[in-house]
Amino acid sequence: MDTFWARAALLVALIAVAVAVVLWRRRSDGRARAVTDGEQVGAGDLGQPLGARATLLQFSAPVCSPCRAARRVLGEVAESVPEVKHVELDAGEHLALARRLGILRTPTVLVLDGVGQVVARTSGVPTRAQVMQALHLADSTTELAA
């Protein structure tokens with residue numbers, strides 16, 4: 001009987017941990033975090049020019065369904081906001097860059113300012129409002145540099 005209760009307690013503990021992880025991921029997904037000492041990413045790293053105001057650099061994977069949702073949101077923002085470009089890279093095909101930038105999961109979005117400095121990052125699918133907030137971080141670093 002003791003092993004029954006031990007197994008039951010273990011099962012309850014595992015369920016509690018799983019629920020906590022799911023709630024944490026839901027709360028943190030898409031939320032942009034400011035980056036103060038971000039890497040520099042150039043057009044050569046991306047294989048295409050940067051956006052004049054900002055670049056939304058998305059790391060994806062071919063089998064990632066949240067990546068498709070992030071692509072849609074980022075594409076809509078890039079189309080509607082002047083001088084903002086959306087660039088999507090396959091993390092597996094750009095493994096060296098993904099490692100250099102500390103990409104641990106897909107989708108991960110890095111917001112680059114006009115000169116390619118990483119100013120914000122988010123994992124998961126961001127909302128339009130979250131992307132717009134991250135773009136303000138890019139604007140503020142550009143203003144400080146001017």
Which atom of [X] lies closest to which atom of [Y], heavy atoms considered:
{"X": "Pro49", "Y": "Lys85", "answer": "O-NZ, 3.0 Å"}
{"X": "Val73", "Y": "Pro126", "answer": "CG1-O, 3.5 Å"}
{"X": "Val125", "Y": "Pro66", "answer": "CG2-O, 3.3 Å"}

Identified side-chain contact (heavy atoms from CB on, under 4.5 Å) partner of Val119 from the options Asp113, Leu112, Leu110: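 Testing Val119 for a side-chain contact (heavy atoms from CB on, under 4.5 Å) against Asp113, Leu112, Leu110 leaves exactly one candidate, Asp113.
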Which is it for Phe59 and Leu101 under the side-chain contact (heavy atoms from CB on, under 4.5 Å) test, yes or no, and what are the steps along the way? CA-CA 10 Å; Phe59 282 89; Leu101 297 172; 3.8 Å; yes
Heavy-atom donor-acceptor pair, [X] side chain to [Y] backbone, under 3.5 Å:
{"X": "Gln130", "Y": "Thr127", "value": "yes"}
{"X": "Gln40", "Y": "Val115", "value": "yes"}
{"X": "Gln58", "Y": "Leu89", "value": "no"}

Can you check side-chain contact (heavy atoms from CB on, under 4.5 Å) on Val77 and Leu56, steps first, answer last? CA-CA 9 Å; Val77 170; Leu56 303 171; 4.2 Å; yes
Dump the intermediate steps for side-chain contact (heavy atoms from CB on, under 4.5 Å) on Val84 and Thr55, then the final yes or no. CA-CA 6 Å; Val84 172; Thr55 301; over 6 Å; no
Determine all donor-acceptor pairs shorter than 3.5 Å in which one atom belongs to a side chain in residues 90-99; sequence neighbours excluded.
from: Asp90; atom 1: OD1; to: Gly92; atom 2: N; distance (Å): 2.7
from: Asp90; atom 1: OD1; to: Glu93; atom 2: N; distance (Å): 3.3
from: His94; atom 1: ND1; to: Asp90; atom 2: O; distance (Å): 3.2

Under a 4.0 Å N-O cut-off, is there an ion pair linking Asp45 with Arg100?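 Salt bridge flag = yes for Arg100 with Asp45.
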Regarding Arg68 and Ser60, do their side chains bring together a donor and an acceptor under 3.5 Å, going by distance alone?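 Note: Arg68 and Ser60 side chains miss the donor-acceptor criterion.
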